Amino acid sequence: MEDNRTMNAIKKRKIVMGVMITLIVLMLVAVITLSVLLGMSKSNEKEFRIGVENVYRHAYYALLENYVDIETGLNKVKLLHSAGLSEEVLDKIADNAELAALSLNTLNTNENNLEPIYRFTNQVGDYSKYLVRKLEKGGAISEEEMSTIDKMHGIAMKLGKALASVNDEIHYNGYSFIDNLGKDNDSFSIALKELDNGSIEYPSLIYDGPFSDSLETRVPKGLKGDEITKEQGINKIKEFFRDATDVKFVSESSNHFVTYLYDVTYRDGATGSIQLTKVGGQIVMTNTFAECLDIKVDEESAERIAATFLIEHGYINMAVVWSSLNDSTYYFNYAPKVNGVIYYSDVIKVKVCAGTGRVIGMEALNYIYNHTERNVDISKVMSEEKAIENVPKSFDISKMELALIPKGNDNEVLTYEIIGTIGEDTFYLYINAETGEDEKVLMQINSNGGKLLL
């Protein structure tokens, strides 16, 4: 406990220092500008210029150091299988990203456009925090998430090399930030320019909606039916996906329940992978590798396509509880809605290509782990008017409905989900439907590359 407090204190000091450095730069630049206007002596002006240059260099070297640590950390995560050590490394990556973003703020000008790199830096931090939370709850880093880490590592490595090249300019060519930053031949801006010319494919991260990682139990409640063989799995896939022309068994794995993994080729030449449960032959995951370049399908149509897909595969009474569009792909979370109550623990995720209207992905882990018949007693539920009595008047409510949400140790609690805004910020407030007590509050962060709830 003492170690955690010490680490948090150090972390806060570093962040405060970063903010102070940014403010110092702004003040020093203002002083220099004012000195020119008021005729400050050349010697004093020179001292101030040296001060600003030193602050810029401090920000640059801090940025370089943090990106070396980010690149190293992402590389380490790819090798780890221990949840505890993975959490530790990812937590440090998130800290490095936060400090790197502060340095970028200091070095940013209207001319050098560091927005893509700033966005990626925040994305690394957000994604690392998301994975830490997932591991803390007993989850594991999936193959798709590990692939994203690998992409991030590649970008971080290129960024680190680009930043290191500026160090040579400083040492061998006398590069000065205060004289060159943001100008046409600025070595710093030129070094980073290739990272914003489309040559790097930044990963698309869509952070899941409320309670989408609610694998509260390790015993799958939703598995039903007899065991199937690998060959029967091939037949099931061809029944599920009638345009599947070739299905090949890849591997069998076991992590709380046994699954079969298959490679699939479709009639139009697209390929993908499908994972089925050995018990019942249920779909765990599908992923189709297809380019989505344009937006030709609107969100309402894409939602209907996703809903129809779920119905065709036996999932009924499903309501969309979260949606997002990123890089020409719609992401939907669906949960069962029974007698007006949303069962958040049973979320199923569906991806639809906005260019073709094709379902290119589905993941049903939460449903497999948590879905079961429930007897939800709504006889003691208070009225909506009573539930919002203590909600601040400044909270502009846009939606309110009953939701059964996970609450640790395989328990659930019936709440009112109240979605609304305060100013420009969107919140998801969960109030106990019987007692009126606050159960949980989430704030939507329109993070770079997707939406995040914290």
Side-chain angles (χ1 to χ4, degrees), residues 6-30 32 48-76 88-129 152-153 155-183 186-196 448:
T6 302
M7 289 301 293
N8 288 333
I10 293 171
K11 188 190 304 183
K12 287 178 181 178
R13 282 200 295 271
K14 285 184 177 179
I15 293 169
V16 170
M17 276 298 286
V19 174
M20 287 176 64
I21 287 169
T22 302
L23 293 174
I24 289 168
V25 169
L26 294 174
M27 287 189 291
L28 287 175
V29 170
I32 289 173
F48 276 112
R49 287 175 60 83
I50 292 172
V52 174
E53 178 65 16
N54 287 338
V55 172
Y56 274 136
R57 288 196 180 191
H58 183 280
Y60 161 73
Y61 284 115
L63 178 63
L64 178 59
E65 180 183 354
N66 280 296
Y67 253 101
V68 168
D69 289 344
I70 288 170
E71 188 266 327
T72 302
L74 291 169
N75 212 13
K76 287 179 180 178
E88 183 180 321
V89 174
L90 286 164
D91 196 51
K92 187 175 187 302
I93 292 171
D95 292 344
N96 290 134
E98 193 168 6
L99 294 168
L102 288 170
S103 295
L104 285 168
N105 272 334
T106 302
L107 295 164
N108 193 33
T109 69
N110 292 331
E111 291 77 24
N112 62 10
N113 186 27
L114 300 182
E115 175 57 29
I117 297 158
Y118 183 79
R119 183 169 65 246
F120 172 71
T121 303
N122 282 332
Q123 196 178 50
V124 170
D126 286 345
Y127 201 59
S128 298
K129 292 174 185 175
M152 285 182 160
H153 172 253
I155 296 169
M157 191 161 54
K158 289 182 180 180
L159 259 169
K161 288 180 179 178
L163 288 168
S165 70
V166 180
N167 193 38
D168 290 339
E169 288 294 312
I170 294 172
H171 284 285
Y172 300 117
N173 298 320
Y175 173 82
S176 166
F177 284 97
I178 194 169
D179 291 327
N180 297 284
L181 195 61
K183 295 182 180 177
D186 172 25
S187 298
F188 179 77
S189 301
I190 291 170
L192 300 180
K193 190 174 183 180
E194 69 170 276
L195 303 172
D196 187 31
N448 304 304

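Since the model is a prediction, treat every value here as computed from it, not as a measurement.
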**Request:** Identify the two heavy atoms, one from I117 and one from Y67, that lie closest to each other, and give their separation to 0.1 Å.
**Result:** O-OH, 4.2 Å
**Asked** Side chains of F120 and L159: closer than 4.5 Å at any heavy-atom pair?
**Response** yes
**Asked** Taking all non-hydrogen atoms of both residues, which atom of G73 and which atom of V89 are closest, and how far apart?
**Response** O-CG1, 3.5 Å
**Request:** Provide the closest heavy-atom pair for A94 versus G125 in the form atom of the first, atom of the second, distance.
**Result:** CB-O, 3.9 Å
**Item:** Criterion side-chain contact (heavy atoms from CB on, under 4.5 Å) against N66, the qualifying member of L104, L163, L99
**Value:** L99
**Request:** For the residue pair Y61 and I170, establish whether any side-chain heavy-atom pair is separated by less than 4.5 Å.
**Result:** yes
**Request:** For L64 and A164, work out which heavy atoms get closest and say how close.
**Result:** CD1-N, 3.8 Å
**Message:** For the CE atom of M157 and the OG1 atom of T72, what is their distance to the nearest 0.5 Å?
**Reply:** 10.5 Å
**Message:** Quick check for you: to the nearest 0.5 Å, what is the distance between H153 atom NE2 and N75 atom CG?
**Reply:** 3.5 Å
**Message:** Rounded at 0.5 Å granularity, tell me how far CD1 in I70 sits from CE in M152.
**Reply:** 10.0 Å
**Item:** Minimum heavy-atom distance L74-A156, with the two atoms named
**Value:** CD1-CB, 4.2 Å
**Prompt:** So how far is it from L63 CG to N96 CG, rounded to the nearest 0.5 Å?
**Reply:** 11.0 Å
**Prompt:** To the nearest 0.5 Å, how far apart are CZ in R57 and CG in N167?
**Reply:** 9.5 Å
**Message:** Using every non-hydrogen atom in the two residues, find where S128 and I93 come nearest and quote the distance to one decimal.
**Reply:** OG-CG2, 3.3 Å
**Request:** Any chance you could measure K158, atom NZ, to E71, atom CD, to the nearest 0.5 Å?
**Result:** 12.5 Å
**Request:** Kindly say whether S103 contributes a backbone atom to a donor-acceptor pair with the side chain of Y60 at under 3.5 angstrom?
**Result:** no
